K.L.:
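First the structure, which I've put down as structure tokens, then a few questions once you've had a look.
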Amino acid sequence: MEESNLSISIAHLYPKLLNLYGDMGNVITLIKRCEWRGINVDFEQINVGDAIKDHDLYFIGGGQDKQQEEVAQELFSHKSELIAQRDSGAVFLGICGGYQLFGHYYQPHDKEKLTGISLMDAYTVAGKNRFIGNVTVKTNLLEPKTLVGFENHSGLTYLQGETKPLGLVSVGHGNNGTDGFEGARFKNVFGTYLHGSLLPKNPHFADMLIELALEKRYGYKITLQPLEDKLEWDAHNSVVNKSY
Ligand code: GLN
């Protein structure tokens with residue numbers, strides 16, 4: 001089908017609370033990479049108190065523990081709907097604090113445990129140190145096999161069962177600074193600690209997420225036409241080739 005006859009619906013979950021380091025740049029990237037191809041985008045921001053409608057792709061950003069607390073309660077009230085969306089093949093991308101809430105729980109320092117929505121089999125506990133800095137990940141999910149970004153978290157995330165990492169950290173700390181893993185995937189649910197924002201510098205990941213969301217909507221694999229991404233790859237490679 002001609003890309004200009006395609007549509008996709010994208011929801012940004014709780015942008016007023018979880019949007020650390022301009023994580024909404026990921027949503028802007030997804031929308032622009034669709035619009036540049038003539039794909040029609042239905043977009044909505046979902047805030048506290050709003051209903052959660054069916055979408056092809058859901059995005060949630062990162063934030064401080066306080067904002068995470070408010071979002072955790074709201075997200076949990078929609079847990080069954082969001083699990084149903086996951087099981088229907090909807091794509092999710094969660095960054096840092098949002099990623100942590102995709103798991104079973106986030107246990108901050110000396111505070112109540114935040115219950116997650118268990119979209120993936122993972123859990124997070126607050127660590128003693130804060131991991132801050134550039135990250136390069138080696139991944140078999142994408143070509144080229146690198147993902148780049150910036151991390152700033154104290155949470156340590158551990159994956160279990162069928163939830164697998166996005167890749168292995170070659171620079172930075174990743175999920176917990178010990179198992180070498182960064183990020184996570186279960187079905188079409190993706191989580192990562194990579195701020196930046198992530199997708200402008202990782203166009204291959206952005207396009208993979210769009211293709212998965214289109215496949216969920218239309219029921220068959222759709223391969224997107226490549227875009228002229230010189231700027232995006234220059235930014236990506238400037239991080240990959242950085243000497244530390
Ligand atoms: N508050 C969480 C942590 O520090 C998430 C922070 C973030 O979203 N950058 O681990």
Side-chain angles (χ1 to χ4, degrees), residues 10 12-33 45 57-72 75 91-103 106 108 114 116 120 122 124 126-127 129-139 141-142 146-157 159 165-177 180-185 189-206 208-209 231-240 242 244:
I10 297 173
H12 187 172
L13 297 171
Y14 314 114
K16 290 181 183 158
L17 290 166
L18 293 182
N19 181 26
L20 207 58
Y21 294 109
D23 283 336
M24 76 179 305
N26 293 297
V27 174
I28 295 168
T29 301
L30 291 164
I31 292 171
K32 293 312 285 179
R33 294 187 72 82
Q45 291 190 342
L57 192 154
Y58 297 87
F59 174 80
I60 186 167
Q64 300 304 333
D65 288 10
K66 187 174 172 328
Q67 285 74 25
Q68 263 183 297
E69 241 167 84
E70 193 173 342
V71 170
L75 260 186
V91 175
F92 289 79
L93 176 62
I95 309 288
C96 203
Y99 166 33
Q100 294 170 345
L101 295 177
F102 279 176
Y106 166 52
L114 302 184
M120 46 175 53
T124 302
N129 310 310
R130 194 149 199 89
F131 295 151
I132 301 177
N134 286 318
V135 179
T136 300
V137 179
K138 297 273 183 239
T139 174
L141 274 177
L142 298 162
T146 45
L147 265 177
V148 297
F150 180 86
E151 64 184 335
N152 179 346
H153 60 105
S154 64
L156 307 175
T157 297
L159 310 183
L166 294 184
L168 295 173
V169 175
S170 49
V171 173
H173 302 86
N175 286 346
N176 52 51
F181 293 156
E182 201 303 312
R185 178 185 188 180
V189 180
F190 297 83
T192 176
Y193 275 110
L194 300 189
H195 292 284
S197 42
L198 170 72
L199 295 180
K201 289 194 289 292
N202 297 283
H204 52 343
F205 191 27
M208 186 183 92
L209 297 174
L231 210 57
E232 291 80 356
W233 287 115
D234 285 352
H236 181 98
N237 295 328
S238 71
V239 180
V240 171
K242 207 173 160 60
Y244 293 89

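Keep in mind the model is a prediction, meaning the values are calculated, not measured.
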K.L.:
Between L199 and L209, is the side-chain contact (heavy atoms from CB on, under 4.5 Å) condition met? List the steps.
P.N.:
CA-CA 10 Å; L199 295 180; L209 297 174; 4.2 Å; yes
K.L.:
Using ring pair (Phe, Tyr, Trp, His ring centres under 6.0 Å) as the criterion, list what pairs up with F131, not counting sequence neighbours.
P.N.:
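Partners of F131 under the ring pair (Phe, Tyr, Trp, His ring centres under 6.0 Å) test: H153, H173.
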K.L.:
So, taking the atom named CG in L93 and the one named CD1 in I10, what distance separates them when rounded to the nearest 0.5 Å?
P.N.:
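Nearest 0.5 Å value for the CG-CD1 distance: 11.0 Å.
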K.L.:
Looking only at non-hydrogen atoms, find the nearest pair between G62 and H195 and report the distance.
P.N.:
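So the two residues come closest at CA-CE1, 4.2 Å.
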K.L.:
In chain order, what residues pass the side-chain hydrogen bond (donor to acceptor under 3.5 Å, both in side chains) check against N129, with sequence neighbours excluded?
P.N.:
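Residues passing side-chain hydrogen bond (donor to acceptor under 3.5 Å, both in side chains) with N129: none at all.
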K.L.:
State, yes or no, whether a side-chain contact exists between I60 and F92 at a heavy-atom distance under 4.5 Å.
P.N.:
no
K.L.:
Any heavy-atom pair between the side chains of L159 and P165 that's under 4.5 Å?
P.N.:
yes
K.L.:
So V148 and V135, do their side chains get closer than 4.5 Å, heavy atoms only?
P.N.:
no
K.L.:
Shortest non-hydrogen contact from T29 to P200?
P.N.:
OG1-CG, 3.2 Å
K.L.:
Roughly how far, to the nearest 0.5 Å, is the CG atom of N26 from the OG atom of S197?
P.N.:
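The OG atom of S197 sits 4.5 Å away from the CG atom of N26.
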K.L.:
With sequence neighbours left out, write down each residue that passes side-chain hydrogen bond (donor to acceptor under 3.5 Å, both in side chains) with H204, or none if nothing qualifies.
P.N.:
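H204: no side-chain hydrogen bond (donor to acceptor under 3.5 Å, both in side chains) contacts found.
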K.L.:
What distance separates E182 CD from T136 OG1, expressed to the nearest 0.5 Å?
P.N.:
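Result: 11.0 Å between the selected atoms.
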K.L.:
Which residues pass the ring pair (Phe, Tyr, Trp, His ring centres under 6.0 Å) test with H12, sequence neighbours left out?
P.N.:
F59
K.L.:
Compare every heavy atom of V169 with every heavy atom of G174, then report the nearest pair and how far apart it is.
P.N.:
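So the two residues come closest at CA-CG2, 3.7 Å.
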K.L.:
Give the intermediate values and the outcome of side-chain hydrogen bond (donor to acceptor under 3.5 Å, both in side chains) for residues D65 and Y106.
P.N.:
CA-CA 10 Å; D65 288 10; Y106 166 52; 3.2 Å; yes
K.L.:
What residues, two or more places apart in sequence or in another chain, satisfy ring pair (Phe, Tyr, Trp, His ring centres under 6.0 Å) together with F205?
P.N.:
F190
K.L.:
Check whether any side-chain heavy atom of L142 sits under 4.5 Å from a side-chain heavy atom of L147, and report yes or no.
P.N.:
yes
K.L.:
Which heavy-atom pair separates G127 from L156 by the least distance, and what is that distance?
P.N.:
CA-CD1, 3.7 Å
K.L.:
Quick one: OG1 on T146 to NZ on K138, what's the gap to the nearest 0.5 Å?
P.N.:
6.0 Å
K.L.:
Applying side chain to side chain contact (heavy atoms under 4.5 Å, CB included), can you list everything that pairs with E232, at least two apart in sequence or on another chain?
P.N.:
R33, W36, P203, D229
K.L.:
Identify, with sequence neighbours excluded, every residue that meets salt bridge (Lys or Arg N to Asp or Glu O under 4.0 Å) alongside E70.
P.N.:
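Here no residue qualifies.
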K.L.:
I'd like to know whether N19 forms a side-chain contact (heavy atoms from CB on, under 4.5 Å) with Y14, so could you lay out the CA-CA distance, the side-chain angles of the two residues, the decisive distance to 0.1 Å, and finally the verdict.
P.N.:
CA-CA 8 Å; N19 181 26; Y14 314 114; over 6 Å; no
K.L.:
Report the C-alpha separation of E151 and I132 in whole Å, then their side-chain angles, then the decisive distance to 0.1 Å, and conclude whether the side-chain contact (heavy atoms from CB on, under 4.5 Å) test is met.
P.N.:
CA-CA 5 Å; E151 64 184 335; I132 301 177; 5.9 Å; no
K.L.:
Under 3.5 Å, which donor-acceptor pairs link side chains of residues 95-103 to any protein atom two or more places apart or in another chain?
P.N.:
from	atom 1	to	atom 2	distance (Å)
Y99	OH	N175	OD1	3.0
Y99	OH	N175	ND2	3.4
Y99	OH	G183	O	3.4
Q100	OE1	Q68	NE2	2.8
Q100	NE2	Y193	OH	2.9

K.L.:
Quick one: does L141's side chain get under 4.5 Å of L166's, heavy atoms only?
P.N.:
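A side-chain contact under 4.5 Å exists here.
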K.L.:
Output all residues satisfying side chain to side chain contact (heavy atoms under 4.5 Å, CB included) with S238, sequence neighbours left out; order by chain, then residue number.
P.N.:
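Listed in chain order: nothing, the list is empty.
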K.L.:
Return the set of residues passing side-chain hydrogen bond (donor to acceptor under 3.5 Å, both in side chains) with K32 (not counting sequence neighbours), or none when no residue passes.
P.N.:
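For K32, the residues satisfying side-chain hydrogen bond (donor to acceptor under 3.5 Å, both in side chains) (neighbours in sequence not counted) are E35.
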K.L.:
Rounded to the nearest 0.5 Å, what's the gap from OG1 on T124 to CG on N176? Could you check?
P.N.:
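The OG1 atom of T124 sits 9.5 Å away from the CG atom of N176.
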K.L.:
Please name all residues satisfying side-chain hydrogen bond (donor to acceptor under 3.5 Å, both in side chains) with N152, sequence neighbours left out, ordered by chain then number.
P.N.:
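Only Y21, R130 meet the side-chain hydrogen bond (donor to acceptor under 3.5 Å, both in side chains) criterion with N152.
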K.L.:
Of all residues at least two apart in sequence or in a different chain, which pass the salt bridge (Lys or Arg N to Asp or Glu O under 4.0 Å) check with R185?
P.N.:
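Listed in chain order: nothing, the list is empty.
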K.L.:
Would you say the side chain of Q45 lies within less than 4.5 Å of the side chain of P15, judging by non-hydrogen atoms?
P.N.:
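In short, these two side chains touch, coming nearer than 4.5 Å.
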K.L.:
From L18 CG over to Q64 CD, what is the distance, rounded to the nearest 0.5 angstrom?
P.N.:
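Atom-to-atom, L18:CG and Q64:CD are 10.0 Å apart.
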